[in-house]
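Numbering of ligands and ligand atoms starts at 1, following listing order. Predicted model only: the values in this text are computed from it and were never measured.
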Amino acid sequence: MFDDLRDLYQEVILDHGRKPRNFRRLEDADRSARGDNPMCGDRLELYLKLAPDGSIADAAFQGRGCAISTASASLMTETVKGKSAGQAHALAERFRELAMTGTCPDCGTDLAEEMERLQPLSGVHEFPSRVKCATLAWHTLNAALEGAKEASSE
Ligand code: ZN
């Protein structure tokens, strides 16, 4: 069972790495931020379109990076659409926990469904040098929401 799950997670990462969702420039973006992970050479530009109430109406990204960083950005943009800034920050915080430890004690509460979709990346905690690849998109999301232009994994 565990191996099946591992294979499934692997498949999700490869699929999103090869065919990233929301991989485009948003011409009418309200916010954008650049993310840089010099450790691996991952770079991305994130675009957000905000609704009048401040929630995320649309999210898209462009850039170049390893399969993990691309898959993470792809899953992130899918997951945060329709979320308030507060929910997006909460997801970023929980995802960081998930990527670093492989578990997320708070994930059983609200946003559980969203965290479930991000589970395929939980395996990176076994590879400390890849954690930054997985969290780069989320650092960049936080930066964009806070109105900053740059985010670094450092
Ligand atoms: Zn990387």
> Would you say Arg24 has more than 12 foreign heavy atoms packed within less than 6.0 Å of its CZ?
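Yes, the 6.0 Å shell around CZ holds more than 12 heavy atoms from other groups.
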> Quick one: name the residues clustered hydrophobically with Leu26, using the 4.5 Å side-chain heavy-atom rule over I, L, V, M, F, W, Y, and just say none if it's on its own.
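Members besides Leu26, by chain and number: Tyr47.
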> Could you give the side-chain donor-acceptor pairs of residues 71-79 under 3.5 Å, partners two or more places apart or in another chain?
residue	atom	partner	partner atom	Å
Ser72	OG	Ala134	O	2.5
Ser74	OG	His16	ND1	2.7
Ser74	OG	Arg21	N	2.9
Thr77	OG1	Asn22	ND2	2.9
Thr77	OG1	Ala73	O	3.2
Thr77	OG1	Ser74	O	2.8
Glu78	OE1	Arg117	NH2	2.9
Thr79	OG1	Leu75	O	2.5

> Tabulate below the donor-acceptor pairs under 3.5 Å that side-chain atoms of residues 139-147 make, not counting sequence neighbours, or state none.
residue	atom	partner	partner atom	Å
Thr140	OG1	Leu136	O	2.7
Asn142	OD1	His89	ND1	2.7

> Could you walk me through whether Arg18 and Glu11 pass the salt bridge (Lys or Arg N to Asp or Glu O under 4.0 Å) test, one step at a time?
CA-CA 11 Å; Arg18 286 193 195 119; Glu11 217 167 279; over 6 Å; no
> Out of curiosity, does Leu121 fall in the hydrophobic cluster containing Tyr9 (side-chain heavy atoms, cut-off under 4.5 Å, transitive links)?
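Unlinked, Tyr9 and Leu121 end up in two clusters.
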> How many protein N, O or S atoms sit closer than 2.8 Å to the Zn ion (ligand 1)?
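Total protein N/O/S atoms under 2.8 Å from the Zn ion (ligand 1): 5.
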